[in-house]
Amino acid sequence: MATISTNLHLTTARVAAACARAGRPVQSVTLLAVSKTFGADAVREAYAAGQRAFGENYVQEGLAKIAALADLRADLQWHLIGPLQSNKTRAVAEAFDWVHGVDRLKIAERLAEQRPPHLRPLQLCLQVNVSGEASKSGVAPADLPALAHAVAALPRGRVVLRGLMSIPEPAADAEARRRPHRALRECLERLNRDGLALDTLSMGMSDDLEAAIAEGATIVRVGRAIFGARGGVA
Ligand SMILES: *Cc1c(COP(=O)(O)O)cnc(C)c1O
């Protein structure tokens, strides 16, 4: 049976190979281990194998795991990658290091207000709906510049806008997998030409991390390839 440690090594090798093909240094990509639905023991196992950055989708589940792993807190980076409602912003501002799914100014404002001053600033990414489906969360590319400039103007001691994230639809062939990642990179390049200094593209998961790295991903969010299949829910 494959262990988390073996899976981590295999995933790290995939990241390294994709970086080599893209002519990018391997340190330019951070592997975020998505531990949603898996217990604190699985995170401990990944930690023992050298993994330090973990992603959680659900606020309550993430908070419980952060509490259960309080002994490792100084060594770990916790990223919220799922949706965030305004009634949960305070708990998130107090516990996490990164929030990837920001798609409204109000959420970013609350996080900036509620981030305790003794903690490092919360690192933010704006979620962009690059595939344009009505059902998906994320800001439309047309509305992105206004949101990005407003979030970048919030007090930098509390929150820092780092970049963009997306969750594109799964695609069958290699070219179709690259298209939404290219679109997100182009959004980031436009914002940077507009004067924002953004350095983060959070894109690519277990099935498409190679395509994402080819298009410039700096954080790949990988769940199943590290922890195994999740029971039922995504
Ligand atoms: C679950 C999830 C992932 C990881 O997906 P895998 O297919 O398990 O690698 C990445 N990003 C988000 C936002 C997710 O919800």
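Each ligand, and each atom within it, is numbered from 1 in the order the structure gives.
- Taking only nitrogen or oxygen atoms, main chain and side chain alike, A225 does not reach within less than 3.5 Å of ligand 1.
- Atoms of ligand 1 found under 4.0 Å from any heavy atom of G223 (numbered from 1 in listed order, with element): 4 (C), 6 (P), 8 (O), 9 (O).
- Between D199 and R162 there is a salt bridge, since at least one side-chain N of the basic residue sits less than 4.0 Å from a carboxylate O of the acidic one.
- Closest heavy-atom approach to atom 2 (C) of ligand 1 within the set K36, R224, R221: this belongs to K36.
- Each of the atoms 9 (O) of ligand 1 lies under 4.0 Å from some heavy atom of V222.
- Both V29 and L209 are members of a single hydrophobic cluster when ILVMFWY side chains are connected at heavy-atom separations under 4.5 Å.
- In this structure, R52 satisfies the cation-pi test against Y47, with its NZ or CZ atom closer than 6.0 Å to the six-membered ring centre and inside 45 degrees of the ring normal.
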**Request:** Show your reasoning for whether side-chain hydrogen bond (donor to acceptor under 3.5 Å, both in side chains) applies to S35 and E56.
**Result:** CA-CA 6 Å; S35 44; E56 287 289 332; 2.7 Å; yes
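- Note: W98 and H79 have parallel aromatic rings, judged against thresholds of 30 and 60 degrees for the angle between ring planes.
- Look at H100 and you'll find every heavy atom at least 4.0 Å from all atoms of ligand 1.
- Rounding to the nearest 0.5 Å gives a distance of 10.5 Å between CD of E61 and CD1 of I66.
- The N57 neighbourhood of ligand 1 comprises atoms 14 (C), 15 (O), with distances under 4.0 Å to a heavy atom of that residue.
- Proximity of I81 to ligand 1, defined as any heavy-atom pair under 4.0 Å, is shared by backbone and side chain alike.
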